[in-house]
Structure formats: C-alpha cells, structure tokens
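Data first, discussion second: the structure below is written as structure tokens.
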Number of protein chains: 2
Amino acid sequence: MARVTLQSIAERVGVSRMTVSNAFSRPDQLSDALRERILAVAAELGYLGPDPSARSLATGTTGTIGVLWAKELRYSLADEVSARFLGAVADELAPSGLALTLVPAIAEGSVVPARDVAMDGAIAFSCDPELPALDWLQRRGLPVVYVDMAAPRGGVAITIDDRGGARAAARHVVALGHRRIALFTSGFGDEPGPTTGQLLPEAGRIRVIAERHAGWLEGLDAAGIVPLWVNQPNTYADAREAARAMLAVPDRPTAVLCLTDVLASSVMAAAADAGLGVPGDLAVVGFDDHPLALRSRPRLTTVRQDVEAKGRAAAQALLALVAGRADVTLSRPRSRRLPVQLEVRGSTSGGVQLDR
Amino acid sequence: MARVTLQSIAERVGVSRMTVSNAFSRPDQLSDALRERILAVAAELGYLGPDPSARSLATGTTGTIGVLWAKELRYSLADEVSARFLGAVADELAPSGLALTLVPAIAEGSVVPARDVAMDGAIAFSCDPELPALDWLQRRGLPVVYVDMAAPRGGVAITIDDRGGARAAARHVVALGHRRIALFTSGFGDEPGPTTGQLLPEAGRIRVIAERHAGWLEGLDAAGIVPLWVNQPNTYADAREAARAMLAVPDRPTAVLCLTDVLASSVMAAAADAGLGVPGDLAVVGFDDHPLALRSRPRLTTVRQDVEAKGRAAAQALLALVAGRADVTLSRPRSRRLPVQLEVRGSTSGGVQLDR
DNA sequence: CAGTCTATCTTTACCGGTACAGACTATAGC
DNA sequence: GCTATAGTCTGTACCGGTAAAGATAGACTG
C-alpha cells in the first residue's frame with residue numbers, strides 16, 4: 001500500500017504541494033472551486049488527511065496532552081474517583097480536539113514516557129514530587145498543571161481543601177461524643193491493620209495523604225484525643241482484612257475516619273460482618289463523596305469534593321497555559337484550591353431524619 | 001530557549017549527526033568512549049533526547065496505542081469495570097514502553113481524533129460498529145483489536161460469554177421458583193422505569209446489551225416467562241428512580257436481572273428504601289462481579305467476568321498485531337471469547353451459608 | 001603479505017508535512 | 001490610466017530525526 005501523500009495529490013491536480021496542504025489545513029487560503037477539486041482527488045486516491053507525526057513535527061504541536069500517573073494504572077483507574085477526574089479532564093479537552101495520553105510516571109525499561117511521549121502539555125496527578133518524570137516534563141519546557149499536589153515555584157496547582165475537610169470530619173465525630181477514634185488510611189507499609197509505625201516517606205509526600213492526616217490531627221488534638229492508626233496496604237485488595245483487625249482490638253474504636261469512601265465502604269462491610277451496627281456501634285466517615293457513599297446503607301457521612309470540577313479546572317488551566325505559550329499577552333492561569341463540604345449522613349448521625 | 005538538536009551536539013563534539021543519533025538510539029553502533037563523550041556534551045547542552053515527533057515521523061512508529069471510546073469518557077471512566085479494563089490494558093502495555101491514548105470516537109468540531117491522533121494501533125472498546133471513527137482506523141491501516149464488540153471480517157475480537165452468563169442468571173432465578181421477573185437494563189431511551197418500548201437501534205448494536213438481553217430471554221423463554229422490561233437512561237445518574245418505579249408496579253416482580261452490578265446496586269438501594277428485603281421480597285442478580293457485588297449487603301449474586309484478563313488479552317493481541325506488521329512470519333492473534341461464571345450469593349439465595 | 005573481517009563513523013536520502021515570503025492576477029478607488 | 005488592495009497560488013526552507021549503504025582503518029587469517 002503505497003502511501004498517498006500531499007505530493008502525489010498535488011501532481012495529480014497540477015498544483016503545488018503547499019496548496020494541497022492548505023486545502024486541508026487552511027481552507028481560506030485558496031478558492032473554493034480548487035479546494036473541492038483537490039478534496040475530490042484526495043478522496044479518489046484514498047488520502048487520509050495529513051499525517052499526524054509529520055504535522056506534529058512541522059507545527060510543533062501534537063494535539064494530545066498527557067496525564068502523569070504515579071501509581072500503576074491498574075490501581076489508579078480502578079478507583080472511581082480518579083477515573084471520574086480523568087473523565088472530566090478528557091471531556092473538557094475534547095472540544096479543543098485534544099486527546100489524552102496516560103503517561104506512566106514510573107519508567108519500565110529504557111523508555112521514559114515523560115521524556116519520549118509526544119504531548120503539548122501535561123497534568124501531573126497526585127504524584128510524588130520527587131519523581132524524575134516530573135523533572136523531564138519541566139526540562140522539556142512543557143506546560144504542566146499539578147493536581148492534588150504541590151506545584152513547584154511558579155507552577156499552577158489545582159487542589160482541594162483536604163486539610164479543612166479532614167478537620168471537619170474529625171470535629172464532627174468529636175462533637176458527637178466519640179473519644180476512641182480510628183484513622184483508617186494507607187501509607188504505613190504492607191501490613192494491614194492497626195499500626196504504631198511511621199508513615200513511609202513516599203506516602204508522606206503524597207499531598208492527599210499528608211493533608212488529610214494533618215486535618216484529622218488538628219481536629220483531634222483540639223480535643224486531646226490520640227487516635228488509633230490503621231493501615232491498609234496500598235493495593236487494590238479489599239480493605240476488609242485491615243478493618244477486621246481494627247475492630248478486633250481491645251477498646252475497639254467507636255468512630256473511624258477513612259482516607260477515602262472506598263476504604264470506608266470496606267469498613268462498613270467489616271462492621272456488618274462483625275455484627276456491629278453503624279452508626280450505633282461504629283460511626284464511619286469517608287472522604288470524596290464517591291457514589292458508593294450514597295449507595296451504602298446507612299448512607300455514608302463523608303467529605304464531598306467535586307472531582308469533576310477539579311478535572312475541569314485542571315483542563316482549563318492547562319488549556320490556558322498551552323495557549324499562553326503561543327500568546328504571551330494572555331494571563332497565566334492561577335492556582336486554585338477547591339472547597340469541600342462535610343456531608344452528614346446516616347453512618348454517623350444515626351438519625352433517620354438526616355438519612356433522608 | 002533555542003532548542004538543542006542532534007546537529008548542535010554533533011558540531012560541538014565534532015562528529016556527524018548520525019553518530020549522535022546512534023549514541024542515543026543504537027549504542028552498539030559506536031565506541032563506548034565516543035558515546036560517553038557525546039552523552040556528556042548532550043547533558044551539558046541540556047539535550048532532552050530525541051524529539052518524539054521527529055522520531056515518529058522518521059521511524060513510522062509513535063509509541064502509543066489508542067483506545068477508542070464510544071461513550072463520553074465522563075461516563076465510561078466513571079464505571080469501575082471499564083476503568084479496570086483500561087488499567088489492565090495500560091499495565092500490560094507498559095513494559096513495551098507504549099503509552100495509551102484515549103480517543104473519543106465521537107468527533108466534536110472538525111478534528112477527528114481517530115484520523116488525526118498519532119498511534120501505532122488501537123483497541124475499540126464496546127463501540128457501535130457503525131461509528132465512522134472505526135472506518136478511519138481501518139482506512140489508516142492500523143492494527144485494531146475489538147473488545148466487547150463484533151470484529152469486522154478478519155478482525156480480532158476479544159469478548160466474553162455475555163449470552164451464556166445472562167442465560168445462566170435467568171435460569172438461576174427461574175430455578176429458584178421466580179415467575180415475575182424484571183430485566184433492568186438500558187437502551188430504551190430517556191424515560192426511567194418499566195417500559196414496553198422498543199430497544200433503540202443504537203443500543204441494539206452494542207454487543208454487551210444485545211447479548212445479555214438475548215441470554216436472558218433464552219433462559220426465560222424456556223420457562224414460558226414474559227419479563228418486565230425496566231429502562232435506566234444511559235447517563236451517570238443514580239438508577240434509583242427507575243428502580244423505584246419498577247417496585248411500584250402492581251404485581252411487583254420478585255426477581256430482577258440487571259445489566260450490570262452498578263445497576264443492581266441501585267436496585268438494592270431502592271429495595272431498602274421501599275422496605276423490601278433482599279432476597280426475601282426481591283431477588284437481585286447483577287453482571288460483571290464488580291467490587292460492589294462483594295461490598296453490598298447481602299452480597300450480590302452476579303455473573304463474574306474477569307475484566308482484567310480481558311484487558312490483558314486485548315493488549316496482548318494488539319501487541320501481536322503491531323509486531324506482526326513488521327514481521328509477517330508471525331501468526332496473527334486469534335479472537336477469543338472469555339468464559340464467565342455465575343456467582344450465587346446472598347442476594348438470591350437467602351441462605352446464610354452461601355453468603356459466607 | 002594479500003585478502004577478509006569487524007568495528008566505527010560518515011554520507012546520502014528520505015519521513016510528510018507547514019511557515020513565510022513572494023508573485024501574479026483581478027478588482028477597486030481616484 | 002495608474003496605483004493600492006485583496007485574493008490566490010507557488011517556491012524555498014525548514015521541522016528533527018532515522019535507515020541503509022559506503023568509507024576507513026586496524027585486526028585477523030592462512
């Protein structure tokens with residue numbers, strides 16, 4: 001299959017290659033009559049439109065933006081919250097005709113995707129700031145928007161008020177009178193269950209984890225409460241084992257604050273398995289307001305974030321950065337911190353009235 | 001920021017441009033000493049490695065493969081099952097250094113991603129076979145693997161036994177003695193709730209829908225049962241309204257077979273809202289064996305598919321196709337239909353023993 | 001010591017487009 | 001009638017690499 005190129009069409013029609021190029025890319029540069037003739041010949045020859053790579057080389061733009069993922073995609077995408085974020089980004093980008101490339105931050109083999117994948121810009125999503133891949137993005141001079149992580153100096157970050165939300169969650173259970181409170185989270189290694197260990201440094205660099213922990217502690221410290229830390233290894237496995245271990249400790253906690261709704265959901269399942277009533281025996285609070293939160297019985301009290309708004313904000317900021325490279329008169333997009341909202345539902349209130 | 005190119009490095013070191021290229025791409029083509037010198041100069045000048053677009057143009061490969069999505073990504077990715085499929089594909093591809101580009105099948109504006117995005121191959125995931133985007137992929141001569149959809153003649157398809165699974169689900173509830181059975185699905189338009197309408201043509205072309213419906217009917221027809229069709233508009237909204245309407249009909253069904261676990265989960269929530277016991281008042285069967293199925297109380301009887309195996313199979317088939325283009329002696333990968341398995345749990349059995 | 005390798009580097013020729021600066025009309029304005 | 005102006009089209013010069021074959025020289029073979 002000999003490839004049909006601009007050149008072959010040009011020869012057939014009897015015009016210059018440039019004119020054929022314009023027929024596709026800049027219709028205003030030639031007469032309609034000629035354009036139609038060119039397009040007809042192109043169709044006849046089976047021309048597929050300008051070659052993406054060649055155009056990309058010539059113009060310096062690729063038509064795709066990358067999303068840098070820290071974790072293995074298997075895990076990240078399995079999480080509905082991350083996936084919805086990605087979906088919102090993709091949809092916000094679609095009208096501009098930009099596709100979205102998933103770029104693994106962790107290199108396997110010699111290919112370094114953050115260096116070798118063609119893209120016009122990138123969104124770094126909840127990455128360890130020390131990842132070499134981030135360096136590559138910057139060295140390439142690509143516009144980058146940082147989501148759920150700190151931006152380097154001058155960078156654009158889109159975050160949510162993780163700390164405030166976690167603090168509100170902690171205050172909520174404290175206000176309900178709970179004193180034995182567990183913090184159900186990740187980042188303490190591979191052992192599921194209650195832990196007295198240190199948060200792993202790499203986990204501490206994940207902003208979402210660090211900030212939610214900080215918020216919880218702010219809320220608990222004020223009441224002089226020392227929490228029970230419970231670890232869930234950061235894999236895709238069901239968190240029920242860790243939850244079971246938590247519920248088996250002497251002086252079992254009466255309330256548990258969870259890093260995410262997905263973890264909270266497993267906690268609720270474990271509570272049911274153990275014959276414990278929620279919220280009567282155990283109050284549970286999640287984070288994210290995942291669809292799970294509404295599907296669970298009782299409905300889950302949680303800190304709502306608008307993950308789709310976050311995705312849209314990130315996409316818009318990145319679009320502005322990409323456009324700003326071409327037109328320096330445009331103002332740079334600003335970092336934003338989106339608000340969160342504590343949603344009190346049946347998993348803590350117990351009152352049917354609040355459970356709608 | 002003047003770009004550092006191979007040429008500038010070559011001049012600085014005093015060798016040909018080709019040698020510099022080889023220093024990066026084919027280390028065996030030059031002496032180690034020279035290579036080190038070149039890399040040193042490259043580092044000093046801030047060279048970032050070969051430009052992806054230029055390399056892509058010269059070699060004819062892009063280092064990315066596309067995944068064609070029919071629905072808006074916002075919806076597709078929000079579904080944990082789709083998302084896990086995508087994650088499995090991405091992880092299977094990662095060792096080959098291939099990135100993954102999400103390609104919207106529905107064009108917005110003049111850009112046709114399936115035509116304009118650079119890629120080495122594509123996975124079409126549960127698309128309407130009549131989508132123009134599929135044509136573009138074929139006209140480009142790209143290797144394509146079709147997942148959860150029929151492949152065109154000679155194409156490679158990875159599917160699951162949707163029909164057999166649905167049939168097993170139907171037989172299961174029939175065997176339990178149910179006679180008033182609802183089929184909770186999508187594809188009948190925008191009205192939620194029981195319907196007597198026709199399945200929309202575009203929905204009928206979605207293999208997953210068509211096959212699961214066919215399987216259900218095979219199972220019910222054998223028992224002479226006429227089901228109640230219940231429609232859930234194909235949006236991201238919670239399906240509880242449709243479920244509520246279903247439970248409000250006179251002669252309320254005693255069993256409901258659902259297109260997916262996500263829908264089943266909403267049905268169970270609606271049952272709880274209506275004060276109905278599962279499985280006592282209403283038996284519920286899902287499809288997919290989504291993590292939800294295990295988290296729900298009672299646990300959801302469902303048809304298990306291994307979505308990650310599906311993703312891996314698709315990725316492997318595509319890798320084989322891509323490799324086969326270069327080396328025609330390789331055998332073409334074959335279409336596969338992966339098995340499914342009915343998982344009987346508490347939402348139909350009622351027996352505690354089966355609910356573990 | 002001629003002949004043949006092998007390793008190393010260079011030369012030539014693309015890959016398939018687009019940007020930008022003319023050049024050549026035809027029309028309009030005065 | 002002569003010059004602006006706009007509308008079309010062409011020519012040239014890149015974009016930044018890689019493939020494949022050729023050149024050169026020292027090592028090895030018999």
Side-chain angles (χ1 to χ4, degrees), chain A residues 1-39 41-42 45-63 111 115-120 140-141 326, chain B residues 1-39 41-42 45-63 111 115-120 140-141 326:
Chain A
M1 163 183 77
R3 229 181 142 71
V4 187
T5 67
L6 284 186
Q7 185 64 57
S8 56
I9 298 174
E11 284 163 8
R12 193 82 130 66
V13 180
V15 295
S16 78
R17 188 170 41 140
M18 197 60 233
T19 300
V20 180
S21 171
N22 283 334
F24 284 95
S25 307
R26 302 169 62 175
D28 56 318
Q29 294 297 301
L30 70 171
S31 65
D32 286 354
L34 180 56
R35 172 155 196 259
E36 301 244 320
R37 201 147 58 86
I38 291 175
L39 294 183
V41 171
L45 263 46
Y47 182 66
L48 305 169
D51 179 89
S53 300
R55 163 180 268 174
S56 162
L57 175 58
T59 60
T61 66
T62 66
V111 247
R115 161 163 59 85
D116 297 332
V117 172
M119 48 186 153
D120 292 337
R140 282 175 71 175
Chain B
M1 162 184 78
R3 230 184 142 69
V4 187
T5 68
L6 285 185
Q7 185 65 56
S8 55
I9 299 174
E11 284 163 8
R12 192 82 130 67
V13 180
V15 294
S16 76
R17 184 171 43 142
M18 195 62 231
T19 300
V20 180
S21 172
N22 283 335
F24 284 95
S25 307
R26 300 166 64 174
D28 56 318
Q29 294 296 300
L30 71 171
S31 66
D32 286 354
L34 179 56
R35 172 156 197 259
E36 301 245 320
R37 201 147 57 86
I38 291 174
L39 294 184
V41 171
L45 264 47
Y47 182 65
L48 305 169
D51 178 89
S53 299
R55 164 178 266 174
S56 163
L57 176 59
T59 61
T61 66
T62 64
V111 245
R115 162 164 59 86
D116 297 330
V117 172
M119 48 186 153
D120 292 338
R140 282 174 68 175

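Residue numbers start from 1 in every chain, and the chains themselves are labelled A, B, ... in the order their sequence lines are given, proteins ahead of strands. What you see is a predicted model; the values in this text were computed from it and never measured.
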Fill in: Test side chain to side chain contact (heavy atoms under 4.5 Å, CB included) applied to A/L39 and A/Y47, step by step
CA-CA 9 Å; A/L39 294 183; A/Y47 182 66; over 6 Å; no
Item to complete: Round to the nearest Å and state the distance from A/I9 atom CD1 to C/dG17 atom P.
Response: 8 Å
Practice prompt. Could you give me the CA-CA distance, side-chain angles and deciding distance for A/L57 and B/D51, then say whether side chain to side chain contact (heavy atoms under 4.5 Å, CB included) is met?
Written response: CA-CA 9 Å; A/L57 175 58; B/D51 178 89; 4.3 Å; yes
Worksheet item: Within the distance-only criterion (no hydrogens, no angle test), does the side chain of B/T59 pair as donor or acceptor with the backbone N or O of B/R55 below 3.5 angstrom?
Response: yes
Worksheet item: Just checking A/S31: base, sugar-phosphate only, or nothing, at a heavy-atom cut-off of under 4.0 Å?
Response: sugar-phosphate
Discussion item. For a quick check of understanding: with a heavy-atom distance under 4.0 Å over all strands, which category does B/Y47 fall into, base, sugar-phosphate or nothing?
Written reply: sugar-phosphate
Discussion item. Quick check on A/R35: does its CZ atom have over 12 non-hydrogen neighbours (other residues, nucleotides or ligands) under 6.0 Å away?
Written reply: yes
Output a table of nitrogen or oxygen pairs between the protein and nucleotides 19-28 of chain C separated by less than 3.5 Å.
unit_1: C/dA19; atom_1: OP2; unit_2: A/R26; atom_2: NH1; d: 3.0

Fill in: Upstream residue (5' side of DNA chain C) when A/S53 and B/T19 are each assigned their closest nucleotide
B/T19
Worksheet item: Step by step, would you call B/M119 with B/R140 a side chain to side chain contact (heavy atoms under 4.5 Å, CB included)?
Response: CA-CA 10 Å; B/M119 48 186 153; B/R140 282 174 68 175; 3.8 Å; yes
Practice prompt. Tell me, please, the opening and closing nucleotides of DNA chain D, 5' to 3', among those with an atom under 4.0 angstrom from a non-hydrogen atom of chain A.
Written response: D/dT8 to D/dG16
Discussion item. B/V4 vs B/L48, test: side chain to side chain contact (heavy atoms under 4.5 Å, CB included). Steps then yes/no.
Written reply: CA-CA 8 Å; B/V4 187; B/L48 305 169; over 6 Å; no
Practice prompt. May I ask you to say what A/S25 touches in the nucleic acid, namely base, sugar-phosphate or nothing, with a heavy-atom cut-off under 4.0 Å?
Written response: sugar-phosphate
Worksheet, complete the sentence: Taking every heavy atom of B/S53 against every heavy atom of A/T62, the minimum-distance pair comes out as OG-CG2, 4.1 Å
Worksheet item: Does atom CG of A/D28 have more than 12 heavy-atom neighbours from other groups under 6.0 Å away?
Response: yes
Item to complete: Send over the distance from B/L34 CG to C/dT10 C1', rounded to a whole Å.
Response: 12 Å
Worksheet, complete the sentence: On DNA chain D, more 5' by nearest nucleotide between A/L30 and A/R17 is A/L30
Fill in: Gap between atoms CD and C1', on B/Q7 and C/dT10 respectively (whole Å)
13 Å
Discussion item. Distance check, rounded to the nearest 0.5 Å: A/Q29 atom CD versus A/T19 atom OG1?
Written reply: 10.0 Å
